[in-house]
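What follows is a short report on a single structure.
Order of the sequence lines fixes the chain letters, A, B, ..., with proteins taken first and strands second; residue numbering starts at 1 for each chain. A quick note: this is a predicted structure, and the numbers were derived from the prediction, not measured.
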There are 2 protein chains.
Amino acid sequence: MLDSAEQKIKEAARKILLVKGFDGSRMQEIADEAGVNKAMLNYYFRSKKALFQMVFMEEFGKLFENMITVLLDDCPWEDKIKAFVNTELNHLLQAPQLPLFIINEMSKNPHLMEEKLKSISVGNVFEMAKTKYEKEIQDGKLRNLPFIQFLMNLQSLCIFPILAKPVLMQISKVSDMEYHNLINQRKALVSELLISYMIIK
Amino acid sequence: MLDSAEQKIKEAARKILLVKGFDGSRMQEIADEAGVNKAMLNYYFRSKKALFQMVFMEEFGKLFENMITVLLDDCPWEDKIKAFVNTELNHLLQAPQLPLFIINEMSKNPHLMEEKLKSISVGNVFEMAKTKYEKEIQDGKLRNLPFIQFLMNLQSLCIFPILAKPVLMQISKVSDMEYHNLINQRKALVSELLISYMIIK
DNA sequence: GTCTATACGCAGATAGAC
DNA sequence: GTCTATCTGCGTATAGAC
């Protein structure tokens, strides 16, 4: 049943909550978006909080799926960086509200997600990627930079320009289309920047 | 009157709103924090929205003051990058909620700040810095990268690790102290990364 | 200027008919 | 499963005494 009431509510909730956050969203608005009665939300999901947690878990999982797949792939790091940047920026151009949503809710309730993070083994994946990375350093192929700093650089350069879109557009007076072009430009620029710094020829 | 009722309310509002945002903050909570009666907030600031706008304007101004000062300084770009990164990271370590607050509220209401942005001439400063930057490129001292991309790189590498602290701490299992050390490490790392990419020797 | 009391509306949740 | 009606509590804002 892809268009069952429950499914329609889930999709509506995702749409509204992602943009407005927990505090800013109204159950009535979600019901309207789903085209169902307000009471149905409580019938299927018990409470606003429960509905929210379900949405959060799903979205959080999606964001890290891409990252995980690429980081654990067995190609040269130069290709890995390119693939990561491309995949991530494409994903974020499709769902630009995602990072702000996640950072917001993790800031307000850092412990909410521990369970979910364990269930998708984020910790393990992190360690595995780290091991691979450190092996390359020992082989003299990568610059000797702590893995966590590398990851911060990589994620910063991809995610922040998406996050800061409204601020950027105000300051630099670029249009929506120009902004989109800038982000597409970044795919090559960010890869180039990171590769030139990280890879030892 | 540094501890007048009005001043106490302003400080309390700043403290609460910065952490909880507009939707998540309660007038009662701000009144309690200020140690005054709830009705006083409306007496001095008319409404919650007006109180919020005042706080937002002030904080937004503060964040860009540092940036502006450094970018318009007349030193070599190598020193400028170092100074920018140091100043910004020090500022953000003192007020880590600031970027999330600003990005959140600009995302929800992008037009709210246009007036303030004009009053502090952000557009002019941006153009002046851009002109200086492009002069250096023509003189063959800087890599030929669009100014806006350079600025995105710079701000991404400084701000994102502060924004993503809760996510980072969950994934990599670092402690609060280790996190603080990582950010301090970044002052040198980010400068080095940007300088090695941007500056033509 | 400062307080108490209250108006008013809204949002989340549930009871109960169908 | 789905709806209407309603309970309940909370949050902003204001009226009005002092």
Side-chain angles (χ1 to χ4, degrees), chain A residues 1-59 97 100-101 104-105 107-109 111-113, chain B residues 1-59 97 100-101 104-105 107-109 111-113:
Chain A
M1 316 283 196
L2 279 175
D3 51 355
S4 66
E6 187 171 354
Q7 199 58 35
K8 281 191 292 185
I9 292 169
K10 261 173 102 162
E11 276 159 31
R14 203 182 57 82
K15 188 170 170 185
I16 305 284
L17 288 169
L18 225 64
V19 175
K20 306 202 171 184
F22 182 82
D23 292 328
S25 300
R26 300 290 156 245
M27 295 291 264
Q28 183 61 63
E29 199 181 355
I30 295 172
D32 293 346
E33 175 73 30
V36 303
N37 187 282
K38 195 170 62 126
M40 288 292 94
L41 307 206
N42 290 294
Y43 176 75
Y44 284 110
F45 297 95
R46 206 185 82 250
S47 71
K48 183 184 181 183
K49 193 175 173 184
L51 181 58
F52 173 80
Q53 288 187 345
M54 199 245 354
V55 170
F56 186 99
M57 299 297 194
E58 287 194 7
E59 293 304 313
Q97 328 87 328
L100 187 54
F101 176 72
N104 257 322
E105 307 305 337
S107 301
K108 281 179 192 152
N109 198 345
H111 302 294
L112 195 69
M113 326 315 310
Chain B
M1 316 284 195
L2 278 176
D3 51 356
S4 65
E6 187 171 353
Q7 199 57 35
K8 281 190 292 182
I9 292 169
K10 261 174 102 163
E11 276 160 31
R14 204 181 57 81
K15 187 170 172 185
I16 305 284
L17 287 168
L18 226 65
V19 174
K20 307 205 169 183
F22 182 81
D23 292 328
S25 299
R26 301 290 154 241
M27 294 292 264
Q28 183 62 64
E29 200 181 352
I30 295 172
D32 292 347
E33 176 73 31
V36 303
N37 187 281
K38 198 168 59 128
M40 288 293 94
L41 307 205
N42 291 294
Y43 175 77
Y44 284 110
F45 297 95
R46 207 185 80 251
S47 69
K48 183 183 180 182
K49 192 175 174 182
L51 181 58
F52 173 80
Q53 287 188 345
M54 198 246 354
V55 170
F56 186 100
M57 299 298 193
E58 286 193 6
E59 295 303 312
Q97 328 88 329
L100 188 54
F101 176 73
N104 258 321
E105 307 305 337
S107 301
K108 282 179 191 152
N109 198 345
H111 302 294
L112 194 70
M113 325 316 310

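Atom CG of Leu100(B) sits about 9.5 Å away from atom CG of Leu18(B), to the nearest 0.5 Å. Taking CZ from Arg14(A) and CE from Met54(A), the interatomic distance works out to 10.0 Å, rounded to the nearest 0.5 Å.
In this structure, Met40(B) places its CE atom 12 Å from C1' of dC18(D), rounding to the nearest Å. With rounding to whole Å, Asp23(B) atom CG is found 12 Å from dG12(C) atom P. A straight line from CD of Gln28(B) to C1' of dT6(C) spans 15 Å, rounded to a whole angstrom. What separates CG of Asp32(B) from P of dC10(D) is a distance of 14 Å, to the nearest Å. As a whole-Å value, the separation of Lys38(B) NZ from dT12(D) P is 7 Å. The distance from atom CD1 of Ile16(B) to atom C1' of dG11(D) is 15 Å, rounded to the nearest whole Å. The interatomic distance linking Glu29(A) (CD) with dG12(C) (P) rounds to 10 Å, in whole Å. Protein atom CD1 of Ile30(B) is 14 Å distant from nucleotide atom C1' of dA13(D), rounded to whole Å.
For Arg26(B), taking side-chain heavy atoms from C-beta onward, the closest of the listed nucleotides dG11(D), dC3(C), dA11(C) is dG11(D). In this structure, of dG1(D), dA13(D), dG12(C), it is dG1(D) that holds the atom nearest to the side chain of Tyr43(A). Listed candidates were dA13(C), dT4(C), dT2(C). Nearest to the side chain of Asn37(B) is dT4(C).
For Lys48(B) against dG11(D), a side-chain-to-base donor-acceptor contact under 3.5 Å is absent.
A cation-pi arrangement is absent between Lys49(A) and Phe22(A), since the terminal nitrogen or guanidinium carbon is not both under 6.0 Å from the aromatic centre and inside a 45° cone about the axis.
Between Phe45(B) and Glu6(B), the shortest heavy-atom contact is CZ-CG, 3.9 Å.
Between Asn42(A) and dG12(C), a side-chain N or O to OP1/OP2 separation shorter than 4.0 Å is absent. Contact annotation: Tyr44(B) reaches the phosphate of dG1(C) (side-chain N/O to OP1 or OP2, under 4.0 Å).
A 6.0 Å sphere centred on NZ of Lys108(A) holds more than 12 heavy atoms belonging to other residues, nucleotides or ligands.
Map Ala39(B) and Glu6(B) each onto its nearest nucleotide of DNA chain C; the residue landing nearer the 5' end is Glu6(B).
Across all strands, Met27(A) comes closer than 4.0 Å only to sugar-phosphate atoms, never to a base (heavy-atom distances). Contacts of Phe45(B) with the nucleic acid, taken as non-hydrogen atoms under 4.0 Å apart, are absent.
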